[in-house]
Amino acid sequence: MSAPDMLFNYLVVGAILFALGMIGFLARRNLIVMFLSVEMMLQGVAVNLVAFARYHGNLQG
Amino acid sequence: MALFLDIPFPDLARGLWPIALPVLLGLAAVCLLLPRPRGYPGLTGAVLAGAALLAAGWFLIRGGAADPPTVLFYAFAGIAVTAGGLMVTQRNPARAALSFALVVLATCGLFLLQAAPFLMAATVIVYAGAIVVTFLFVLMLAQQAGKSDADHRSREPVLATTAGFVLLGAVLYVLNLTYESSHEFHDMLAQVYSAKQATSIAEIESTLRPPEKEEFFARLLFVAGEGRGVPVPAKLVEKIRWLGSEWPKLRAGGDLDSMKAALDDLDRSSRPSLPAANVGYLGRLLFTEYLVAVELGGTLLLVATIGAIAITSRRTEETS
């Protein structure tokens with residue numbers, strides 16, 4: 001995988017995790033499951049930031 | 001809106017269906033699998049979810065050679081997305097918490113693949129070790145009395161999944177557009193990479209051939225500075241401009257080694273590498289550039305600790 005392909009793939013995974021977390025937050029009624037969904041959205045954003053950090057070669061992302 | 005108007009219609013439709021197919025399959029699957037009082041048969045939803053996952057892996061992910069990073073990426077990404085879907089659709093909250101632990105562990109694998117070992121270790125310890133276990137304790141201690149049916153119903157399942165997948169489709173579409181428009185730049189950088197391994201000046205000349213009748217570095221500078229696609233770091237643009245002005249002199253000099261050295265320099269700065277001492281650099285960064293953010297986060301944690309202590313001590317006074 002070349003560097004831009006790798007960035008693209010990780011961004012896709014981050015977007016999917018974010019969208020699934022959003023669906024969970026909107027649809028579920030249990031407060032704890034809603035909180036877990038928000039945490040999953042956060043994981044998606046973290047994957048995004050880490051992928052950009054690797055692509056740009058700095059730790060700021 | 002201008003984004004859509006720029007593109008002629010057939011191109012729009014051609015670029016759309018590889019995104020629309022996995023997104024629509026996933027929408028149907030999650031919509032069927034979300035908990036309902038009288039649920040649909042789980043098998044249909046599971047088959048649709050599997051089809052959505054396969055379609056996403058086939059159409060959305062740009063694969064390459066089957067080298068270890070690619071295989072590991074497929075494995076971790078598949079586990080993360082599957083466990084995420086399970087977490088959202090699971091009726092039992094304890095099982096949802098365990099699926100969330102699996103999501104966290106799989107994303108930690110992705111972090112490690114992207115050269116972020118400290119983040120991986122911290123996430124394993126804090127999320128999978130502390131937060132999920134705390135959630136499991138809360139679930140097992142607090143849900144003893146008065147079983148409600150809140151876990152067996154969803155709030156507007158159709159609207160919620162539609163909202164989520166419309167967002168996902170829009171994000172993927174823009175991502176795809178950005179990827180396509182930055183393609184020429186990366187192709188030209190690949191040309192630089194193969195030119196630096198050439199054995200003669202004629203070979204370098206033939207490798208560095210722009211698509212139109214134009215000077216190679218002028219074209220590269222134009223594509224880099226166009227402002228579309230993945231943003232190009234300013235340092236790299238500066239290096240391309242410098243090499244573009246130096247190149248005629250190097251060519252007139254006719255020294256193969258100095259030409260290759262210049263190309264190697266450009267190639268190295270186009271593929272930046274992270275510092276090997278990950279933790280040391282993170283610490284330096286946190287206490288210089290992001291000092292204010294660290295202090296703010298610390299203050300917030302202090303306030304939260306004081307609040308937690310205040311709430312719990314008041315409750316024990318009332319009961320005793």
Side-chain angles (χ1 to χ4, degrees), chain A, chain B residues 30 34 56 60-64 69-70 73 77 80-81 84-85 87-88 93 96-97 100 103-104 107 110-111 114-116 119 123 127 131 135 138-139 150-151 153-157 159-161 163-165 167-168 171-172 175 179 182 186 190 230 233 271-275 281-282 285 289:
Chain A
M1 254 191 280
S2 65
D5 284 2
M6 199 159 72
L7 175 69
F8 179 83
N9 289 347
Y10 280 83
L11 294 188
V12 168
V13 174
I16 293 175
L17 284 182
F18 189 88
L20 279 176
M22 194 181 122
I23 292 167
F25 182 72
L26 291 176
R28 295 305 296 265
R29 285 167 170 256
N30 190 327
L31 199 64
I32 289 179
V33 177
M34 283 167 74
F35 191 78
L36 285 180
S37 302
V38 173
E39 294 287 328
M40 197 160 74
M41 289 167 79
L42 197 69
Q43 290 290 318
V45 174
V47 170
N48 258 18
L49 289 177
V50 168
F52 269 118
R54 176 68 189 279
Y55 180 77
H56 286 140
N58 60 19
L59 291 175
Q60 285 98 326
Chain B
V30 174
L34 273 178
L60 288 179
I61 302 297
R62 266 120 174 114
T70 312
F73 165 76
V81 172
M87 194 208 94
V88 170
F100 177 69
V103 173
V104 169
T107 28
L110 292 179
F111 290 162
Q114 290 290 56
L119 187 62
T123 312
Y127 270 89
I131 292 185
F135 271 128
V138 169
L139 284 170
D151 288 327
R153 283 184 291 128
S154 304
R155 192 185 291 125
E156 299 288 351
L159 285 181
T161 39
F165 277 96
L167 173 75
L168 179 62
V171 168
L172 290 181
L175 209 55
Y179 177 83
S182 63
H186 293 294
V230 180
R271 288 183 293 122
S273 55
L274 285 170
Y281 270 87
L282 266 183
L285 214 57
E289 200 171 326

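In what follows, chains carry the letters A, B, and so on, assigned in the order in which the sequence lines appear, proteins first and then strands, with residues in each chain numbered from 1. In this text the structure is predicted, and so the values were computed from the model without any measurement.
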Undergrad: Is B:Leu159 in contact with chain A via its backbone, its side chain, both, or neither, using a 4.5 Å heavy-atom distance?
TA: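 Neither part.
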Undergrad: Nearest 0.5 Å please: distance from the CD atom of A:Gln43 over to the CZ atom of B:Phe100.
TA: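 With rounding to 0.5 Å, CD (A:Gln43) is 5.5 Å from CZ (B:Phe100).
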Undergrad: Is there a side-chain contact between A:Leu20 and B:Met87 (heavy atoms, below 4.5 Å)?
TA: no
Undergrad: Measure B:Leu167 against the heavy atoms of chain A and call it side chain, backbone, both or neither at under 4.5 Å.
TA: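 Looking at B:Leu167, just its side chain touches chain A.
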Undergrad: Over all heavy atoms of both residues, which pair between A:Arg29 and B:Arg155 is shortest? Give the atoms and the distance, please.
TA: NE-N, 3.8 Å
Undergrad: Could you look at A:Leu42 and say if it's the side chain, the backbone, both or neither that has a heavy atom under 4.5 Å from chain B?
TA: side chain
Undergrad: How far apart are the closest heavy atoms of A:Ala27 and B:Ala160, and which atoms are they?
TA: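 Residues A:Ala27 and B:Ala160, closest heavy atoms: CB-CB, 3.9 Å.
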Undergrad: Please state whether the side chain, the backbone, both or neither of A:Ala53 comes within less than 4.5 Å of a heavy atom of chain B.
TA: backbone
Undergrad: Determine the minimum heavy-atom distance between B:Ala163 and A:Leu26, stating which atoms define it.
TA: CB-CD1, 4.3 Å
Undergrad: What part of B:Val103 gets within 4.5 angstrom of chain A, counting heavy atoms only: side chain, backbone, both, or neither?
TA: side chain
Undergrad: Are the side chain of A:Asn9 and the backbone of B:Ile61 linked by a donor-acceptor contact shorter than 3.5 Å?
TA: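 No; judged by distance alone, with no hydrogens or angles, the pair does not exist.
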Undergrad: Is the shortest side-chain heavy-atom distance between A:Asn30 and B:Pro93 below 4.5 Å?
TA: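 With C-beta onward as the side chain, the pair touches.
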Undergrad: Let me see the working for B:Tyr179 and A:Leu7 under side chain to side chain contact (heavy atoms under 4.5 Å, CB included), right down to the final yes or no.
TA: CA-CA 10 Å; B:Tyr179 177 83; A:Leu7 175 69; over 6 Å; no
Undergrad: Sort A:Leu11 into side chain, backbone, both or neither according to what part of it lies under 4.5 angstrom from a heavy atom of chain B.
TA: both
Undergrad: Is chain A contacted by the side chain of B:Leu60, its backbone, both, or neither, given a heavy-atom distance below 4.5 Å?
TA: both
Undergrad: Of the listed residues (B:Leu175, B:Thr70, B:Ile131, B:Val104), which shares the most heavy-atom pairs with chain A below a 4.5 Å separation?
TA: B:Leu175
Undergrad: Does any backbone or side-chain atom of B:Ala190 lie under 4.5 Å from a heavy atom of chain A? Answer side chain, backbone, both or neither.
TA: neither
Undergrad: Quick one: which of B:Val81, B:Val171, B:Val30 has the most heavy-atom pairs under 4.5 Å with chain A, could you say?
TA: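 Going by pairs under 4.5 Å, I would pick B:Val81.
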Undergrad: Quick check on A:Asn58 against chain B: is it the side chain, the backbone, both or neither that has a heavy atom closer than 4.5 Å?
TA: backbone
Undergrad: Yes or no on side chain to side chain contact (heavy atoms under 4.5 Å, CB included) for A:Val50 and B:Leu110, after CA distance, side-chain angles and deciding distance?
TA: CA-CA 9 Å; A:Val50 168; B:Leu110 292 179; over 6 Å; no
Undergrad: Above 12 or not: heavy atoms from other molecules or residues under 6.0 Å from CZ of A:Phe8?
TA: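 Yes.
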Undergrad: Can you tell me which portion of A:Val47 sits under 4.5 Å from chain B's heavy atoms? Options are side chain, backbone, both or neither.
TA: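 A:Val47 touches chain B through backbone and side-chain heavy atoms alike.
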Undergrad: Side chain, backbone, both or neither: which part of B:Tyr281 has a non-hydrogen atom closer than 4.5 Å to chain A?
TA: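 The answer is both parts of B:Tyr281.
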Undergrad: Is the backbone N or O of B:Val88 less than 3.5 Å from a side-chain atom of A:Arg28, with the two atoms forming a donor-acceptor pair by type?
TA: yes
Undergrad: Under a 4.5 Å heavy-atom cut-off, does chain B meet the side chain of A:Met40, its backbone, both or neither?
TA: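 It is both, since atoms from each part get that close.
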Undergrad: Hey, could you give me the CG/CD1 distance between B:Leu139 and A:Ile32, rounded to the nearest 0.5 Å?
TA: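 With rounding to 0.5 Å, CG (B:Leu139) is 4.0 Å from CD1 (A:Ile32).
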Undergrad: Go through B:Leu168 and A:Met22 one step at a time and tell me if the side chain to side chain contact (heavy atoms under 4.5 Å, CB included) criterion holds.
TA: CA-CA 10 Å; B:Leu168 179 62; A:Met22 194 181 122; over 6 Å; no
Undergrad: Identify the two heavy atoms, one from A:Val33 and one from B:Ala96, that lie closest to each other, and give their separation to 0.1 Å.
TA: CG2-CB, 4.4 Å
Undergrad: Is it the backbone or the side chain of B:Ala115 that comes under 4.5 Å from a heavy atom of chain A, or both, or neither?
TA: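 Both backbone and side chain of B:Ala115 come within 4.5 Å of chain A.
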Undergrad: CD of A:Glu39 to OH of B:Tyr127: how many Å apart, nearest 0.5 Å?
TA: 4.0 Å
Undergrad: Can you give me the closest heavy-atom contact between B:Ala97 and A:Leu36, atom names plus distance?
TA: CA-CD1, 3.6 Å
